[in-house]
> 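I have a structure I would like to understand better, so I am pasting it below and will then ask my questions one at a time.
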Protein chains: 4
Amino acid sequence: MDTNIKHIGVFTSGGDSPGMNAALYAISKAAEINNIRLSGIRRGYEGLIDGDFVKLKPNEMQKIVHRGGTVLKTARSSRFLTLEGRKLALNNLLKNKIDALIAIGGDGTFKGLLVFSELCELPFVGIPGTIDNDLAGTDFTLGFDSAVNTAIDNIDKIRDTAESHNRIFLIEVMGRDCGYIAINAGLGVGADAILIPESGQDFVRLLDKIKNYESEDAFIVVVAEGDELGAEITASKIKELNPEVDLRITKLGHVQRGGNPSALDRMLGIRLGAASVTALMNGERNVMAGILDNQLKFTPFDSVVKQHQVNEELYELLKTLNT
Amino acid sequence: MDTNIKHIGVFTSGGDSPGMNAALYAISKAAEINNIRLSGIRRGYEGLIDGDFVKLKPNEMQKIVHRGGTVLKTARSSRFLTLEGRKLALNNLLKNKIDALIAIGGDGTFKGLLVFSELCELPFVGIPGTIDNDLAGTDFTLGFDSAVNTAIDNIDKIRDTAESHNRIFLIEVMGRDCGYIAINAGLGVGADAILIPESGQDFVRLLDKIKNYESEDAFIVVVAEGDELGAEITASKIKELNPEVDLRITKLGHVQRGGNPSALDRMLGIRLGAASVTALMNGERNVMAGILDNQLKFTPFDSVVKQHQVNEELYELLKTLNT
Amino acid sequence: MDTNIKHIGVFTSGGDSPGMNAALYAISKAAEINNIRLSGIRRGYEGLIDGDFVKLKPNEMQKIVHRGGTVLKTARSSRFLTLEGRKLALNNLLKNKIDALIAIGGDGTFKGLLVFSELCELPFVGIPGTIDNDLAGTDFTLGFDSAVNTAIDNIDKIRDTAESHNRIFLIEVMGRDCGYIAINAGLGVGADAILIPESGQDFVRLLDKIKNYESEDAFIVVVAEGDELGAEITASKIKELNPEVDLRITKLGHVQRGGNPSALDRMLGIRLGAASVTALMNGERNVMAGILDNQLKFTPFDSVVKQHQVNEELYELLKTLNT
Amino acid sequence: MDTNIKHIGVFTSGGDSPGMNAALYAISKAAEINNIRLSGIRRGYEGLIDGDFVKLKPNEMQKIVHRGGTVLKTARSSRFLTLEGRKLALNNLLKNKIDALIAIGGDGTFKGLLVFSELCELPFVGIPGTIDNDLAGTDFTLGFDSAVNTAIDNIDKIRDTAESHNRIFLIEVMGRDCGYIAINAGLGVGADAILIPESGQDFVRLLDKIKNYESEDAFIVVVAEGDELGAEITASKIKELNPEVDLRITKLGHVQRGGNPSALDRMLGIRLGAASVTALMNGERNVMAGILDNQLKFTPFDSVVKQHQVNEELYELLKTLNT
């Protein structure tokens with residue numbers, strides 16, 4: 001155990017995702033039980049630069065385990081991209097005698113820490129917080145499961161009206177360059193087709209099915225926002241093929257980022273939150289805590305590359321289910 | 001009691017809305033208990049023209065009281081606008097010895113019945129089924145309460161991410177020419193501004209507030225789809241005023257039409273469904289069943305004009321809450 | 001307008017119910033816009049006696065419109081039943097120069113105000129806050145619609161497992177002496193039987209149906225907690241009649257008191273909250289604000305008797321649907 | 001590939017759990033794409049004995065991926081425990097020329113298959129379907145994640161009312177002998193104490209905390225139904241210690257078995273459903289398909305012992321969070 005850790009700073013950065021508050025709760029409890037002081041840093045790197053530090057009381061955090069968003073707020077910071085910004089940040093850490101940092105965020109957040117480590121010798125631990133599930137080193141990122149659940153709940157609703165009208169629906173879900181939300185949501189709602197950025201074949205398959213579409217039932221297409229065509233172009237290509245079709249587009253949008261975290265995301269946040277404190281006490285530095293193959297695992301920041309590959313088993317599933 | 005009613009036909013028409021299945025359930029039970037035969041007509045006027053009739057068994061309907069959409073499916077029919085189409089419809093009614101019709105739909109559905117009544121002497125009763133709540137003669141239309149609940153659940157989620165980022169969100173809700181969904185959803189989520197088609201003042205008030213907006217908190221704007229500006233133009237006008245603002249648009253879309261009906265819509269469907277059978281037995285014809293000032297009330301089709309007026313009390317509320 | 005009202009105190013009392021925070025939000029906004037100071041009193045009459053007063057800031061209240069429970073907390077107070085307790089309460093009001101009181105609660109809360117009015121000349125306005133919907137003077141009490149929605153969501157889930165096993169389920173819902181939640185929830189889920197305190201015939205009807213029950217389907221019974229038999233005794237009587245039946249009991253319990261308020265309860269809270277401030281300014285005193293037949297209506301406290309009567313139309317519905 | 005498999009029978013057995021329909025959907029699709037005939041067997045072993053076989057059409061199954069329960073219905077069968085019953089079952093399989101069986105159920109279901117394999121040489125593959133998550137050979141059983149999500153949604157609601165009243169709540173969740181639902185739900189809601197069958201220390205820790213409980217806040221205890229004390233005895237022991245406490249008990253009950261499956265359970269059902277067909281084609285027999293350490297894995301039935309052990313990391317979490 002590294003007894004040098006007496007004061008940890010924690011912040012959330014990048015896009016918010018459900019489960020961040022659960023992680024903050026576990027961090028606050030783990031710090032308390034180990035007699036470590038904890039400071040919350042508001043608005044990600046922006047608050048680090050501005051010295052916007054607050055207390056995170058465990059008994060108050062306990063009441064918001066179930067809330068979406070992040071009480072520390074989050075932001076993207078252009079100032080931290082500058083050396084001057086990072087120097088201000090370092091100064092605030094030294095002034096407040098902070099010994100270590102925990103950052104909850106995505107790819108960009110960890111890259112920021114790597115750059116910062118050239119200037120600042122404090123140990124950093126990261127927690128993967130993004131709905132996109134696009135990071136190597138963890139089976140799930142914080143917020144992904146909640147986002148998929150929000151997507152399927154909403155697509156289930158759309159199915160009601162699609163079936164009542166025998167309509168085609170193109171539903172665009174989030175996930176940036178990554179098709180994980182689309183695949184999981186699409187399979188989970190029994191979609192007729194799923195369009196993801198990782199595959200070029202799915203659009204051809206879609207057109208084949210649409211050709212045979214007799215308009216005697218609903219036809220649900222789930223489209224990843226990162227898909228090269230996207231919902232609008234896909235819609236116009238379908239219309240070209242068959243001008244008669246009754247087709248609607250819905251983009252689920254930012255609802256996928258909010259809402260109470262799912263059970264899995266609460267546990268994931270709690271497990272990774274507690275583990276990140278332990279990791280710092282054990283002398284870990286510049287690693288991301290993750291759950292890989294169902295085990296706690298720490299991956300160096302520079303190995304947490306973006307992972308676009310939807311795995312082989314999922315591709316096979318798409319073929320089997322003809323989606 | 002009109003003992004001449006021995007066989008009722010029922011159909012859903014226009015846009016589907018949550019609660020239609022609950023109404024069909026009550027109609028099937030009320031018919032059964034009064035020894036009246038019941039035929040379901042699929043796909044609205046289209047099925048009437050095509051003779052697409054099915055049985056609605058009470059014990060099967062009982063299991064789908066809670067489901068969104070309509071088991072009878074629905075459609076818009078251009079053929080019914082022609083005399084030829086209506087003659088085919090009449091023929092099917094006569095051939096099947098149907099004595100009376102119940103139609104669940106909106107404004108257009110009832111207008112269709114009025115025209116049809118020039119040709120067909122059968123008694124018609126209507127049930128207001130539309131999420132827009134834009135009909136005179138009833139406090140609530142079937143599906144409105146469910147649509148508002150879906151809207152607020154989703155906007156609550158957006159609030160999580162809006163507050164985490166101190167963002168402005170413009171959220172467009174349904175309702176066609178009518179601001180009821182927007183007002184109810186907007187007030188229900190504590191929106192900072194609500195833009196509805198019925199008012200010209202709300203955009204000015206919005207700009208006033210945005211001017212003072214310091215980006216230290218979320219700012220939620222709920223926009224009715226029928227608003228003369230709409231979400232995109234409003235967004236661009238805000239950007240003109242203040243190019244720095246962090247602003248997002250979400251259009252909730254068709255999710256508002258689906259999902260399990262709310263408690264209120266289930267009861268409304270059941271009350272109006274049972275009442276429509278009784279009304280036919282009592283000799284009513286060409287009226288819409290509604291709940292007006294909390295009482296069952298039948299309004300002649302030609303008085304069921306579209307009602308755009310959001311009432312005075314609601315306007316006062318908007319002012320009081322400064323939205 | 002009564003310009004004498006410069007400082008209003010508000011509290012929530014008795015059982016909490018979803019929508020109370022929405023009412024507090026509207027009260028805080030209406031007070032602000034009318035330049036009236038507002039003090040929140042914590043834990044109902046207990047806080048009045050203890051002088052436990054807090055500020056309610058409109059911009060903070062705006063963020064919790066959608067939250068269940070009450071930020072002011074609530075309690076039952078035995079001390080307020082004593083003259084000594086009430087004198088302490090009066091003293092706190094005078095000391096804080098409070099000109100008027102708004103109380104959100106049920107029957108007991110308003111009775112307390114009536115007794116208090118013998119001692120204290122300040123004007124009081126009440127808002128009906130109870131999930132039981134057991135008060136005259138309003139179509140809906142605050143929280144009732146949310147409670148029914150929670151009940152039907154949960155019973156819908158139970159239907160899944162009941163149908164999978166062809167089981168009988170007795171599901172007990174809240175409502176104290178009043179069957180409103182049971183009737184609304186029972187009809188809303190397509191229950192096979194509904195047992196309410198107001199009726200003695202429903203149990204006989206239930207036994208008739210059970211006799212013919214062939215265990216080839218689910219059989220859902222919704223029982224009001226105030227029913228004279230209750231779920232357990234009903235279950236044992238069914239077992240007596242037919243020892244072979246596969247029967248389960250679920251008491252939904254306190255989940256019905258919590259959760260985000262429904263759309264209707266948010267609007268109801270907001271309308272009644274704003275109206276209660278206006279009422280005080282207009283010189284109203286010792287009245288409960290309600291929505292009666294869809295109109296704002298003020299009823300003197302002594303006319304707000306408990307109302308057990310489920311109305312005639314609902315009874316007819318129960319017979320028609322054979323529940 | 002085993003080209004001998006031309007006709008598969010599938011059934012659900014034991015307690016139903018959300019996700020079973022998703023598994024049936026994937027099985028029907030995988031069978032179709034491989035030109036294998038598929039028969040659904042209703043009511044578990046009971047239907048096997050009675051020859052209650054039905055078709056499962058892929059395009060109909062696709063529409064119910066999102067529904068709780070099981071369309072094949074389920075049952076416990078005492079007749080299958082007899083040799084006579086099993087002979088009838090075998091006869092039905094031979095008569096229908098079924099080449100292989102897929103069974104979705106729990107421990108008891110697989111034991112049944114093992115016994116049956118003494119009589120019947122057909123290959124069997126099992127899918128773990130139980131909300132209890134009490135089986136070795138898979139990280140998650142089908143329905144567990146949904147059950148935990150239903151539990152946390154309901155406990156979140158209870159928290160609203162608990163905090164409004166500063167009450168102690170004992171909430172009993174399902175899981176039979178296994179504390180997994182309790183731990184996951186308890187941590188997920190920020191419970192103050194969690195009582196599980198696997199630990200004897202948790203009650204002592206609870207009493208310690210209650211001693212210091214000042215009734216200035218909610219106090220949430222999640223109790224596993226298999227805990228040796230259970231909610232009632234725990235409640236009476238707390239009352240002994242401190243007769244003044246304001247304490248309520250809620251048993252969530254069968255709501256945890258129903259409802260639309262969560263995203264994870266839909267994917268799990270789909271993955272295991274598709275894998276079970278492939279496994280049969282690959283010549284696997286008498287194995288359960290599972291996801292172990294995030295990989296598809298087949299475990300022989302006789303190794304699928306019940307697994308009561310909550311793992312070390314979770315115990316450490318309980319201590320860290322002082323629950």
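Below, chains carry the letters A, B, ... as their sequence lines are ordered, and counting in each starts from 1. Basis for what follows: all heavy atoms, side chains included, without hydrogens, waters or symmetry-related copies.
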> What part of D:E316 lies closer than 4.5 angstrom to a heavy atom of chain A: side chain, backbone, both or neither?
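It is neither, since no heavy atom gets under 4.5 Å.
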> Is there a donor in the side chain of D:N322 and an acceptor in the side chain of A:E32, or the other way round, less than 3.5 Å apart?
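No donor-acceptor contact under 3.5 Å links the two side chains.
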> Using heavy atoms and a sub-4.5 Å threshold, report which of residues 153-168 of chain D line up against chain A, by residue number.
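Residues in range: D:D156, D:R159, D:E163.
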> Does any backbone or side-chain atom of D:N260 lie under 4.5 Å from a heavy atom of chain A? Answer side chain, backbone, both or neither.
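Answer is side chain: those atoms of D:N260 sit under 4.5 Å from chain A.
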> Need one label for D:P261: side chain, backbone, both or neither, based on atoms under 4.5 Å from any heavy atom in chain A.
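Answer is backbone: N, CA, C or O of D:P261 sit under 4.5 Å from chain A.
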> Does any backbone or side-chain atom of D:L296 lie under 4.5 Å from a heavy atom of chain A? Answer side chain, backbone, both or neither.
side chain
> Of the backbone (N, CA, C, O) and the side chain (C-beta and beyond), which part of D:L187 lies under 4.5 Å from a heavy atom of chain A, both, or neither?
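Answer is both: backbone and side chain atoms of D:L187 are under 4.5 Å from chain A.
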> Is it true that A:N294 and D:N294 share a donor-acceptor pair across their side chains at a distance under 3.5 Å?
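Per modelled atom types, D:N294 and A:N294 side chains form no pair under 3.5 Å.
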> Mind listing the closest non-hydrogen atom pair of D:A263 and A:D145 along with its distance?
CB-OD1, 4.4 Å
> Please classify the contact between D:D192 and chain A as side chain, backbone, both or neither, with a heavy-atom cut-off of under 4.5 Å.
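Contact with chain A involves both backbone and side-chain atoms of D:D192.
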> Taking every non-hydrogen pair under 4.5 Å, which of D:I33, D:V65, D:V189, D:L321 racks up the most with chain A?
D:L321
> Please list, in residue-number order, every residue in residues 17-27 of chain D that has a heavy atom less than 4.5 Å from any heavy atom of chain A; write 'none' if there are none.
D:Y25, D:A26
